[in-house]
Amino acid sequence: MTPATVLVVDDSATKRYLLVSWLSRAGFTVHEAETGGAALTRLLEAEFDLVVLDVKLPDMSGFDVCETIKSDSRYGVLPVIHVSAHAVDVVDRTQGLNRGADAYLVEPIEPDELIATAQAVLRYYRARQRAELLAERMVRLAETTLAINSAPTLPALLAAAAEGAVDIFGGPVVVVAETSEGESLTATGKPSTVRRWAVPGHRVAVGSLVRSDEPADWDVVDWPAGETVAVAAARLRADRPPVYVAVPGSSQTPGFPVLRQLSQAVAAAVEAQRSFDEEHRIAVTLQRSLLQSRLPEVPGVDLAFLYEPAGAQTEVGGDFYELTMLDDRLLVAIGDVAGHSLHAATVMAEIRHAVRAYAVEGHSPGAVLELVNRFMRTVLPTESATLCLLTLEPATGRIRMASAGHLPPLVHVDGEVRYLAPRGALLGIAAPRRAELEYTLPPGGTLVLYTDGLIERRDADLDQGLNALAAGAAHVEDDLDAFCRRLLTQLTGAREQADDIAVVALRRSV
């Protein structure tokens, strides 16, 4: 039997002495109380595993004491054995058991009978406690598994795993995994803190195991004095690093595989997140490689662009821009291919190259849109896109512009903001020729082109986004790059982007 602490409650010193002696010789740690009130006070002051309780007490009935212990959550779940030399008939025994006692012994009591009864009651309660603990941990394991699989990023995943481990096992806890770039991150505590930290020198084969380590190997947190560290390591693939979950060794119950199951759930979620991060990084890298990385130098015109891919959990999209000098004219284009996928990014590249090719041939913006539309309907018949295209003569500020369903460009001149309104159907459908708009940008004037990710919100009308952009563009910084970044911050805030964002700003020098 695992050692247990027993409280003996009896007002008879002789009887109490006998009970204490028998229990002590059997290996129990025994404390005493003479009255029911004293017993209830002692139970709140220290941890006990069993109460041996006389029925006849001077201040209150043992039945009342037992009922209080069983009904008051402050006492936890404690087994109670009644002993009595007076209340010995069937009615008394029935009342005692009905009011919560786990056993009822009548005197004279044999020592072996008392010890056997105490051990049987403790075996039942400990088995019940183990079953309840396992059930509680399994419920929390399911909740933690849901939380880690719902996490949008690897740091958030590790934080959810650490906080779930605290709920399951108590603290302190450590969860360690590597990112797809090979950086080792660890999450500790609740609320969780995520930082860089690597497990020193430990590796495991494919599979999972639970081992006992020294606290010095896991000094990223402070462990209680004398505590060992139970470490579950899970590795799903030979070419992937393992995931670790470390908890206090004292929290582990033999035969409970909860820690190993938690490490396996974390490893599976980390593997999925790593794979997604790798695929997303490749897709974004490819998308960026298809976009212009350097601006042309145009005398008399300041240029700036900003491109922000969508949030980490959103696929890449088809936003694109173009700024190229064609003889004495600056070609400016901004567009958005429908859809969010790597396919949309490749379609974007084809359209961008087509725009440049037709523009180099000397076609006007309206004619370029017509040719690109014909190209799409022939080569990409299932695709659609919006596009705003213009040419600017730097010396005069003369602009020729055509639009295929794209959002209206914004002009800031002398502190006033307005939208130009070139009109035309989006690309990819049969439609009349897109009309051209002519405009002269005066010295000091700023023109802003953008994609819908900058202004569109699921919970707001498009007009609200356009109004917000106009308000943000009421002031234009001397540094156009700073101006573009401020617009992004003001209009998107700290929320995760649901769409790519492209912004192009150009200003004629005074």
Polar side-chain atom of [X] near backbone of [Y] as donor-acceptor pair, under 3.5 Å:
X	Y	result
Lys190	Ala160	no
Trp218	Trp223	no
Glu227	Ser250	yes
Glu436	Gly366	yes
Ser212	Ala230	no
Asp72	Arg74	yes
Arg140	Glu143	no

Residues, nucleotides or ligands: over 12 heavy atoms within 6.0 Å of [X] [atom1]:
X	atom1	result
Glu297	CD	no
Glu438	CD	yes
Asp222	CG	no
Gln129	CD	yes

Rounded to the nearest 0.5 Å, how far does [atom2] of [Y] lie from [atom1] of [X]?
X	Y	atom1	atom2	answer
Ile351	Asn373	CD1	CG	9.5 Å
Leu387	Met348	CG	CE	12.5 Å
Arg294	Leu303	CZ	CG	13.5 Å
Cys388	Leu437	SG	CG	9.5 Å
Ile168	Glu136	CD1	CD	10.0 Å
Ser184	Arg195	OG	CZ	12.0 Å

Minimum heavy-atom distance between [X] and [Y], given as atom pair plus value:
X	Y	value
Glu163	Pro191	OE2-CA, 3.6 Å
Val298	Pro394	CG1-CG, 3.6 Å
Gly424	Arg434	CA-CG, 3.8 Å
Leu236	Glu271	CD1-CB, 4.0 Å
Thr144	Gly164	OG1-CA, 3.2 Å
Ala232	Val210	CB-CG2, 4.0 Å

inquiry  = Between Leu488 and Val503, is the side-chain contact (heavy atoms from CB on, under 4.5 Å) condition met? List the steps.
reply    = CA-CA 9 Å; Leu488 176 69; Val503 181; over 6 Å; no

Just do the side-chain contact (heavy atoms from CB on, under 4.5 Å) check on Arg485 and Leu306 with the steps written out, would you? CA-CA 7 Å; Arg485 289 194 298 271; Leu306 179 147; 3.9 Å; yes

I want to check something: taking the side chain as every heavy atom from C-beta on, are [X] and [Y] in contact at a cut-off of under 4.5 Å?
X	Y	result
Pro422	Pro409	yes
Gln261	Thr145	no
Ile455	Leu466	yes
Arg400	Leu390	no
Met401	Pro365	no
Tyr439	Val411	yes
Glu308	Thr492	no
Trp197	Val199	yes

Next on the checklist: Is the ring pair His363/Tyr358 parallel, tilted or perpendicular, if the boundaries are 30 and 60 degrees?
Outcome noted: perpendicular

inquiry  = Which label fits Tyr419 and Tyr450: parallel for a plane angle under 30°, tilted from 30 to 60°, or perpendicular past 60°?
reply    = perpendicular

Got a salt bridge between Glu370 and Arg433, using NZ or NE/NH1/NH2 to carboxylate O under 4.0 Å? no

| Is Arg486 close enough and on-axis enough to Phe483, meaning under 6.0 Å and within 45°, for cation-pi? | no

Practice problem: For Thr451 and Asp336, run side chain to side chain donor-acceptor pair (under 3.5 Å): C-alpha distance rounded to whole Å, both residues' side-chain angles, the deciding distance at 0.1 Å, then the answer. | Solution: CA-CA 7 Å; Thr451 56; Asp336 187 359; 5.6 Å; no

Begin from the C-alpha positions of Leu462 and Leu407 and carry the test side-chain contact (heavy atoms from CB on, under 4.5 Å) through to its verdict. CA-CA 10 Å; Leu462 181 61; Leu407 293 165; 4.1 Å; yes

Applying side-chain contact (heavy atoms from CB on, under 4.5 Å) to Met138 and Leu134, what does each step give before you reach the verdict? CA-CA 6 Å; Met138 293 304 292; Leu134 178 58; 4.0 Å; yes

Partner of Pro296 under side chain to side chain contact (heavy atoms under 4.5 Å, CB included), picked from Thr324, Val301, Leu330, is Leu330

